[in-house]
Amino acid sequence: MAEEHVIWVYAIISVLEPGLLDGLTGIGGEQVRVVTEHDVGAVIGSVDARMFGEEALQQSLAQPGELEAVARAHHHIVETVAAAQAAIPARLATVYRDETGVRDLLAERGDEFAGTLRWLSSRLELGVKVWADPSLLAGEGTAEQVDITPDGGAAAGAGTLYLRQRRAHLTAREAGHQHATRLSDEIHAMLAGLAVSACLHAAQDPRSGDDHSQMVLNGAYLVDSARAEEFSAAAVASGQEGARVEVTGPWPPYSFADGPDR
Amino acid sequence: MTDGTMTSASTAERMPQRQIALVDLLDRVLAGGVVIAGDVTLSIAGVDLVQISLRTIIMSVRAGMSPADPSDPGIQEGDEV
């Protein structure tokens, strides 16, 4: 087995809910199982080393289709486990050569994991993304006012007029950006106040095509499960003209896997 | 928005059956999750690999969403996980 399989780690848990993993198959179609050491367990699967060994993964994860398949399969296990009990998601592509390595890990960092699991218990992660259109936020419709006379009818003034309008446009745009930044700071601070912990992910790419919106906030929030509805409602209510709020989740606590002291 | 993600208008619905957005998932599985050292082949050494993969996947996802957008600024600074 050691020659042919490697161990994929999905999550760290405490005592497993009975039956939770029955019939649950992982990234390689394998039956997912748990190894336990000192009351802390790792949800793992034995997967084909030819597909999920280091070399193979380096190649396959560089393929968008395969990365997506692995990410979704990994997430499926993590989500199933985290929906039933406190779980620390493992980062994608955490691979051990054998079970001994996983047991050593649990023995070594068991106390830390137990502390993080207590902290995560009865909590979930919600994502909040805010897309802002600075030109709308500025409130003056300034972008639309820049309407350069195409034929230069007033020849003498056209260049000056252009420059003036261009400057006004840029100023308005700058104001819009500042407004967007301020708004995202405010929303983040408000949401962080409702959360146990908060962190920021890098902004995702601008939306293609349909509008001028930019992502000005890509936040993750660890929320008491009992307050999840309240949190989501507050997030939605923070949207306004020119700023669209999107709530995602609940997620397993991927963004808070390092515990309270990170 | 037409891409099926939850918006202000529909946020009361909780995580429907529909597939979650890949970019949101990648934010989390690539940048989040506990990083475990030890007898690991990939999770530490693979950080660079993962960033490269993320760029690749985002470009491909975007290509699928918007086949022709000449003003597309592409991947920008700060997009790394």
Side-chain angles (χ1 to χ4, degrees), chain A residues 6 9 12 53-54 57-58 61-64 67-68 71-72 74-75 78 88-98 100-101 104-105 108-109 113 116 125 127 129 201-206 208-210 218 220 232-233 235-236 239 244-252 254-258, chain B residues 1-3 5-12 14-15 19-47 49-50 52-54 56-63 65-69 71-76 78-81:
Chain A
V6 290
V9 183
I12 306 292
E54 181 167 14
L57 271 180
Q58 300 242 8
L61 291 192
Q63 310 289 325
L67 174 61
E68 173 169 9
R72 290 198 186 281
H74 177 82
H75 174 67
V78 173
I88 307 171
R91 181 164 297 185
L92 193 75
T94 299
V95 181
Y96 277 71
R97 276 182 277 276
D98 55 38
T100 310
D104 290 348
L105 161 77
E108 206 172 288
R109 292 177 63 183
F113 291 151
T116 300
E125 175 175 335
K129 300 187 289 185
H201 289 288
Q204 296 166 358
D205 280 335
S208 48
D210 58 344
N218 186 13
S232 296
V236 170
R244 192 170 63 239
V245 177
E246 187 182 322
V247 180
T248 66
W251 296 92
Y254 287 111
S255 307
F256 303 95
D258 291 332
Chain B
M1 291 204 310
T2 55
D3 60 358
T5 49
M6 280 196 294
T7 64
S8 309
S10 65
T11 308
R14 183 64 75 77
M15 207 57 191
Q19 221 176 24
I20 54 173
L22 183 60
V23 283
D24 295 332
L25 179 59
L26 290 179
D27 273 349
R28 288 171 171 79
V29 297
L30 297 180
V34 66
V35 175
I36 298 167
D39 179 28
V40 179
T41 56
L42 265 185
S43 68
I44 304 296
V47 168
L49 150 76
V50 152
I52 291 164
S53 302
L54 182 59
T56 315
I57 194 90
I58 286 176
M59 282 187 282
S60 103
V61 166
R62 290 167 49 86
M65 280 168 52
S66 169
D69 182 2
S71 67
D72 186 341
I75 302 291
Q76 300 187 331
D79 281 339
E80 279 107 84
V81 289

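Labels below follow one simple rule: chain letters A, B, ... track the order of the sequence lines, proteins then strands, and each chain is numbered from 1.
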For the [atom1] atom of [X] and the [atom2] atom of [Y], what is their distance to the nearest 0.5 Å?
X	Y	atom1	atom2	result
B:Leu26	A:Leu92	CG	CG	8.5 Å
B:Asp27	A:Asn218	CG	CG	5.0 Å
A:Arg72	B:Leu25	CZ	CG	6.0 Å

Residue pair [X] / [Y]: nearest heavy atoms and the distance that separates them:
X	Y	result
B:Asp24	A:Gln204	OD1-NE2, 2.9 Å
A:Arg109	B:Val34	NH2-CG2, 4.0 Å
B:Arg28	A:Gly127	NH2-CA, 3.4 Å
A:Ala257	B:Gly33	CB-C, 3.4 Å

Legend entry - B:Val29 side chain reached by A:His74 side chain, heavy atoms, under 4.5 Å: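 They are in contact (side-chain heavy atoms under 4.5 Å apart), so the answer is yes.
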
Legend entry - For A:Phe113, ring pair (Phe, Tyr, Trp, His ring centres under 6.0 Å) partners two or more places apart: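 Partners of A:Phe113 under the ring pair (Phe, Tyr, Trp, His ring centres under 6.0 Å) test: none.
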
Legend entry - Proximity breakdown for A:Asp104 and chain B, heavy-atom pairs closer than 4.5 Å: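 Neither part, no heavy atoms under 4.5 Å.
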
Legend entry - Max heavy-atom pair count under 4.5 Å with chain B, selected residue of A:Ala220, A:Ala90, A:Pro252: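 The candidate making the most pairs under 4.5 Å is A:Ala90.
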
